[in-house]
Protein chains: 2
Amino acid sequence: MNIEERLVASAGKVEHFLGQILTTDDKDILSLYDSMRYSTLAGGKRIRPFLTLSVAEMFGASVKDAIYFAAALEMVHTYSLIHDDLPSMDDDDLRRGKPTNHKVYGEATATLAGDALLTGAFEIICAADLPAETKVSAVRVLSEAAGAEGMVGGQIMDLAAEETVPSFETLVKTHSLKTGALITASVRLGLLAAGVTDEHTTHAVCTYARHIGLAFQIIDDLLDVVGDEKELGKPIGSDKEEGKTTFLDFFSPEEATAYAERLTESAKAALSSYENSETLCALADYLLARKK
Amino acid sequence: MNIEERLVASAGKVEHFLGQILTTDDKDILSLYDSMRYSTLAGGKRIRPFLTLSVAEMFGASVKDAIYFAAALEMVHTYSLIHDDLPSMDDDDLRRGKPTNHKVYGEATATLAGDALLTGAFEIICAADLPAETKVSAVRVLSEAAGAEGMVGGQIMDLAAEETVPSFETLVKTHSLKTGALITASVRLGLLAAGVTDEHTTHAVCTYARHIGLAFQIIDDLLDVVGDEKELGKPIGSDKEEGKTTFLDFFSPEEATAYAERLTESAKAALSSYENSETLCALADYLLARKK
């Protein structure tokens, strides 16, 4: 399978698993589950669970064991999108071409669906058939990455950027918290599922994650300037229109491309001493070359 | 010490511990921490952590071990209040006589502060110096109690009650999810901190928690009708004015009092075969007799 086929196959497994988790027999809370399912089962690249499953497999774990952690990552990611889209936050009406959660279910239910997904992520980690030490480590890594010193901290910095134009360093830090922390947590949970705890390997795989995470954001910013509206499925130039500071405020498109290429090479280099790293390397190249 | 002195002493310890946790050196996320601290360190009875610490002590655990779990309970409770007060939810301007979180910090920061407190609750459980099995059990119990089939489910039912007048059974179920689940989780985390996992004791202590939880809600509803505005610190009759269905729609004040008394007796009876249950019994009586 090439990387695109691998991504599709992995996304299918994750979607199936999430669909099984997010069910209830209790009709009194059906609307909550409908809202949770609406956003969680809405497609998307499923990069985070793919990272968890790929790293787990690279180090010898089975999908059966790692998929609980992969699902937890996707639930946290989905909750963050639901809350981020709320009127008091980014106030977005569309997400992946569909009305945002609060547009369909109302703000109150959307807020609660996000809360329930975040809570459920920690519940599903506990359900994995893995040693207790592993599960505690997974809860610790995910909560640190998702919390005040991680993703939520990045969102606060993003809000602050609406008031004060951020410096380059602040922009990098915002992204490393807002999206980088969860991408790094994705590979760390894959390592944990495989029972890998040695510092050297953890450092190497986290270096890979940090570099692809930043490259991902640079390509996002680049596509908003030089992308193809049809392929992208949204008008280009929307970042500038919304007054957002992006990497294109610091680099020309050529410089940004070169920067993302360097980061991708560094990501792959971090894995050079490991066997079976083809999938992760192919993912890094795929994310660099993507047109949407 | 009498029960009121015990409550004050326990609240002081919990507040001190929470104050230590909720700090950061990172000035970029200070506003987030300010918002988290504003609501978390705003006083209140601290019933949930008191239950965790009292049960833990009753079964031989030290406060030092149990306080991580107690803090997690209070963080989840505080997040639920912040989100519940949001304009899209209950739209409350005041909480314990102070402006609500979003009135001070804005809706976006308040939403994120709630998210960070919920996430942080699972992080602080992992920091306890207790066996990994215990911490996994604590994460499982807390996430189940706080999530879609627990507190968040109760909030969804509460929203539905604005559309359709609930039956008595639905009212009881709403409260048992919205507030009862977290009160039961409080005693369960106390048992876990003390290493108690036997079913018989867990059942007895959970029965106690379920009964005081329901009695607590009945007294809340009663005080809104027959309470003293000065002691209560808010106008009486506000539930009726807001069109809320309460236990007083099904009972006379005398019947409601008798019902709460029976629940309190059942709560205490559930602990009758255990030594050192004086604190929990005194708490049950205190919550029944409270005037605010």
Side-chain angles (χ1 to χ4, degrees), chain A residues 22 24 26 28-29 31-33 36 76 79-80 83 86-89 102 106-127 131-137 139-140 142-144 146-157 159-160 170 173-174 177, chain B residues 22 24 26 28-29 31-33 36 76 79-80 83 86-89 102 106-127 131-137 139-140 142-144 146-157 159-160 170 173-174 177:
Chain A
L22 299 176
T24 184
D26 187 344
D28 290 328
I29 55 173
S31 63
L32 175 64
Y33 272 87
M36 291 162 77
V76 170
Y79 121 76
S80 77
H83 281 192
L86 286 171
S88 66
M89 308 274 285
H102 64 271
E107 275 183 65
T109 298
T111 304
L112 292 170
D115 292 344
L117 285 167
L118 172 58
T119 313
F122 296 104
E123 193 177 343
I124 199 66
I125 285 177
C126 294
E133 286 78 7
T134 301
K135 296 195 272 193
V136 170
S137 296
V139 171
R140 183 185 293 120
L142 183 58
S143 58
E144 286 176 3
E149 309 271 341
M151 188 175 70
V152 175
Q155 285 171 309
I156 279 286
M157 289 185 69
L159 288 177
T170 301
K173 180 176 170 185
T174 303
L177 292 177
Chain B
L22 299 175
T24 184
D26 186 344
D28 290 327
I29 54 174
S31 63
L32 175 64
Y33 273 86
M36 292 162 77
V76 170
Y79 120 75
S80 76
H83 282 192
L86 286 171
S88 66
M89 308 276 285
H102 65 271
E107 274 183 68
T109 298
T111 304
L112 292 171
D115 292 344
L117 284 168
L118 172 58
T119 313
F122 296 104
E123 193 178 342
I124 198 68
I125 284 177
C126 295
E133 286 78 8
T134 300
K135 295 194 274 192
V136 170
S137 297
V139 171
R140 183 185 293 122
L142 183 58
S143 57
E144 286 176 4
E149 309 271 341
M151 188 175 70
V152 175
Q155 285 171 309
I156 280 286
M157 289 185 69
L159 289 177
T170 301
K173 180 176 170 185
T174 302
L177 292 177

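So you know, we letter chains A, B, ... as the sequences are listed, proteins then strands, and number each from 1.
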| task | Measure distances from A:Leu159 to the heavy atoms of chain B and classify the residue's part below 4.5 Å as side chain, backbone, both or neither. | result | side chain
| chain A contacts, top residue of B:Val139, B:Leu177, B:Ile124, B:Thr170 (heavy-atom pairs, under 4.5 Å) | B:Val139
| task | Heavy atoms only, distances under 4.5 angstrom: which of B:Ala160, B:Gly150, B:Ala113, B:Ala108 has the most pairs with chain A? Name it, please. | result | B:Ala108
| If every non-hydrogen atom of A:Leu142 is compared with every non-hydrogen atom of A:Ala121, which pair is closest and at what distance? | CD2-CB, 4.3 Å
| B:Thr109 side chain to B:Gly106 backbone, donor-acceptor under 3.5 Å | no
| Proximity breakdown for B:Asp115 and chain A, heavy-atom pairs closer than 4.5 Å | both
| remark: Among B:Asp26, B:Thr134, B:Leu32, B:Thr111, the residue with the most heavy-atom pairs under 4.5 Å to chain A is B:Leu32
| message | Can you give me the closest heavy-atom contact between A:Ser143 and B:Phe122, atom names plus distance? | response | OG-C, 4.3 Å
| field | Nearest non-hydrogen partners of A:Ser80 and A:Gln155, listed with the distance | value | O-NE2, 3.9 Å
| said: Using 0.5 Å steps for rounding, measure from the CZ atom of A:Arg140 to the SG atom of B:Cys126. | reply: 5.5 Å
| query | Of all of B:Met36, B:Met151, B:His83, which one pairs up most often with chain A through heavy atoms under 4.5 Å apart? | reply | B:His83
| task | Could you have a look at A:Glu133, A:Glu144, A:Lys135 and say which one has the most heavy-atom pairs with chain B under 4.5 angstrom? | result | A:Glu144
| remark: If you tally heavy-atom pairs under 4.5 Å between each of A:Gly147, A:Ala148, A:Ala116, A:Gly153 and chain B, the highest tally belongs to A:Ala148
| remark: Output for pair (A:Tyr79 OH, A:Leu117 CG), nearest 0.5 Å, gives 10.5 Å
| Atom pair OG1/CD1 of A:Thr174 and A:Ile156 - distance to nearest 0.5 Å | 11.5 Å
| field | Atom group of A:Asp28 that falls short of 4.5 Å from chain B, counting heavy atoms | value | both
